[in-house]
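All ligand and atom numbering here is 1-based and tracks the order in the structure.
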Amino acid sequence: MKNILFLFILSLVFTGCAEKNEQDDTAIPNDSAWWKQGVVYQIYPRSFKDTDGDGVGDLKGIIEKLDYIKSLGVTMVWINPIYSSPNADNGYDISDYRSIMEEFGTMEDFDVLLDGLHQRDIKFVMDVVVNHSSNQHEWFKESRSSRDNPYRDYYHWWPAEKGKPPYRYSLFDAAGDAWKYDSITNAYYLHYFSKEQPDLKWENPKVRQEVYELMKFWAEKGVDGFRLDAFQFAAKDTTYPEFPDDLEENFIQYYAMQPGLHDFLKEMNQEVFSKYEVMSVAEGAGRNFKEAHELVDADRNELNMAYAFEGVDIAKPEGYSLIHFKEVFSRWDKEFAEKGWLAVFLANHDQARLVSRFGNDDPRYRAAAAKMLNTFILTMRGTPYCYYGDELGMTNIGFDSISQYRDIAALNGYEKTKASGGDLDAYLTNLKFASRDNGRTPMQWNNTPHAGFTTGDPWLPVNNNYKTVNVVVQEHDANSVLNYFKKAVKLRKDNPLLVYGAYTLLLPEHEKIYAYTREWEGKKMLVLLNFSSEMVPLPVPVNEELEEVLLNNYEQVIYEEGVFSLQPYQALVYSLQP
Ligand code: GLC
């Protein structure tokens, strides 16, 4: 770079500025709520911390790490399902909604955990999986036992004497077929996910009451929020009409937001949400903006927020276009600028690791890229959802053989590809990049065997990089991804501007830089994110004077005569002169 000789090294001057921002919440909008101002930390309990040596994480493990969670600065914890389950889909197949999975512990452990979170001012969000139950749930056992059983109508059945039911695509089935024949009553039952996950029949008011009662059970215990799993699929046309041939490619169009869904949500709101101080978030935000608004606009009394997939789905093994990425996030922001509220996330338990998908997990860039992506999540409008391990920059494990995978979606997808004569190499290549197991490897606590996750054999192997990528190493390194993450969370919490402020995209056509401002109550911040592994010259894209560096994932800011040289995956957040 020709300007290297004339660098202005600004960063040290500004070290520690983030700490100076004390929260000023005098002018928070009237519709403000704790769940808007919060930062969510998502824990995949199977993989967080094992205390009994069975290789599976447990509630006592989360309890042991409560101070760690608190140290992150997060204000809400969402834990994936912890109910009794035969674990066909790692807890997303529930056999008893009022008890704790044996592998995870006991109800006493749960009470201690909830209390421990509350003592630390952290809210708890419970995962509610009620589009379907486990096929081992008592309701289903009853339902399948005879056609006139009182629970028969808790699920969707098609009598076989009417012939085969109209085709339904299943996301997880090894044959792709969502109707499973059951000889006991000579009928087919419906399962949009695996055959171990029969869909509950929401059109039956008794099913709905059962669900509200179980939600109240947890609300009475003191949980602070509910995440509704796959709920946009819950309503179904129970005449089961034929769907067009493009069902498999476009199943969302046919399955999501069917008539009746909003009535169910309004009823749930009335029966449960309105009676407790709880937050509600749905997986899926409908098929278009209108539907997304209908789910979350406050005056409709349905849900508080939803999360959409368009942004997170952009990453592909062959890469992705930053211009497209910016366009998608900006479009969603604009649509919800006045009304409604959304979640902001780039990873969860259904995705591979954030830094491997959206950044760069080459050891040269991993740390900078992880910090940069965390900066993005924590400086956008909407509630940030941060997935366990991403605060360290954990990476994809990248299995080579199907025998290494544990995820039912990966395993059954392989069977399906094989049975249909598909390209198994291509399937495995895609899985190596995108598999959910990539995002489920054990938390990397320290450099002892299995990264300190377990003293036994972990249910899924620990990533080989645990000796360098782990909590202990990063706690002792002032420049680690972890310490940067904590600063970024603090900046977010100290500045309502980052929660409520208007977002404006700058340089929409820039292929490497994502630049935007956030503006609120006469204050303004500039966010500059280099999404590339190159040094990128960038003239200051705003007219205002730069005031302070609030976040920088490098030690230096390289800047000369109005032009930055952004280092690979550099993230900078500035306050601007009013
Ligand atoms: C949701 C969950 C996913 C699960 C599926 C079936 O998409 O996030 O993990 O496999 O629903 O419950």
Side-chain angles (χ1 to χ4, degrees), residues 40 42-48 57 78-95 97 101 125-137 140 155-156 168-174 176 178 180 189-200 202 211 214 225-236 251-252 255-257 261 280-287 303 305-313 343 345-353 385 387-388 405-413 416 431 434-441 459-460:
V40 179
Q42 184 194 344
I43 294 176
Y44 197 65
R46 239 186 145 62
S47 303
F48 199 59
W78 153 31
I79 304 185
N80 295 98
I82 53 176
Y83 317 81
S84 292
S85 163
N87 281 313
D89 185 20
N90 291 356
Y92 280 96
D93 47 323
I94 296 169
S95 52
Y97 290 93
M101 189 192 302
V125 180
M126 188 92 185
D127 213 322
V128 180
V129 188
V130 287
N131 169 69
H132 47 271
S133 73
S134 161
N135 62 348
Q136 299 305 310
H137 195 291
F140 189 71
Y155 296 87
H156 299 267
R168 288 291 178 271
Y169 163 70
S170 158
L171 281 81
F172 291 174
D173 189 68
K180 167 83 182 147
Y189 67 84
L190 187 65
H191 60 92
Y192 278 1
F193 293 92
S194 77
K195 64 183 186 333
E196 292 82 8
Q197 296 165 293
D199 284 39
L200 283 160
W202 272 77
V211 171
L214 75 87
F226 293 108
R227 175 243 182 211
L228 296 182
D229 181 74
F231 197 75
Q232 54 177 357
F233 296 162
K236 283 149 189 123
F251 66 91
I252 298 273
Y255 285 0
M257 309 302 301
L261 196 86
S280 53
V281 53
E283 178 192 31
R287 296 168 296 186
L303 296 165
M305 62 177 140
Y307 56 88
F309 297 111
E310 191 177 354
V312 82
D313 283 347
F345 72 106
L346 285 178
N348 63 28
H349 65 291
D350 292 331
Q351 310 291 335
R353 281 286 165 192
Y385 281 61
Y387 187 54
Y388 89 96
Y405 289 93
R406 294 289 168 273
D407 177 15
I408 190 170
L411 299 172
N412 284 355
K416 191 177 162 207
L431 217 51
S435 158
R436 309 196 294 181
D437 280 339
N438 276 312
R440 297 176 175 183
T441 61
W459 74 279
L460 200 62

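Smallest separation of non-hydrogen atoms from Arg436 and His349: CB-O, 3.7 Å.
For atom 7 (O) of ligand 1, the closest heavy atom belonging to the protein is Glu283 OE2, 2.8 Å. What sits closest to atom 5 (C) of ligand 1 on the protein, heavy atoms only, is Phe193 CE2, 3.7 Å.
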_salt bridge (Lys or Arg N to Asp or Glu O under 4.0 Å) between Arg168 and Asp173, intermediate numbers included_ = CA-CA 11 Å; Arg168 288 291 178 271; Asp173 189 68; over 6 Å; no

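Under a 4.0 Å heavy-atom criterion, Arg227 is in contact with ligand 1.
Residue contact check: Phe172 has heavy atoms under 4.0 Å from atoms 10 (O) of ligand 1. Residue Asp89 has at least one heavy-atom neighbour below 4.0 Å for each of these atoms of ligand 1: 4 (C), 5 (C), 6 (C), 10 (O), 12 (O). Interface of Arg436 with ligand 1, defined as ligand atoms under 4.0 Å from a residue heavy atom, comprises 3 (C), 4 (C), 9 (O), 10 (O). Distances below 4.0 Å separate heavy atoms of His132 from the following atoms of ligand 1: 6 (C), 12 (O).
Here the NE2-CG distance, from His191 to Asn131, works out to 12.5 Å after rounding to the nearest 0.5 Å. For the atom pair CD of Gln42 and CG of Asn80, the computed distance is 4.5 Å after rounding to the nearest 0.5 Å.
Taking the side chain as every heavy atom from C-beta outward, Met101 and Ile82 never approach each other to under 4.5 Å.
Between the side chain of Ser95 and the backbone N or O of Ser84 there is at least one donor-acceptor pair closer than 3.5 Å.
Around atom 1 (C) of ligand 1, the closest heavy atom drawn from Asn90, Asp229, Asp350 belongs to Asp229.
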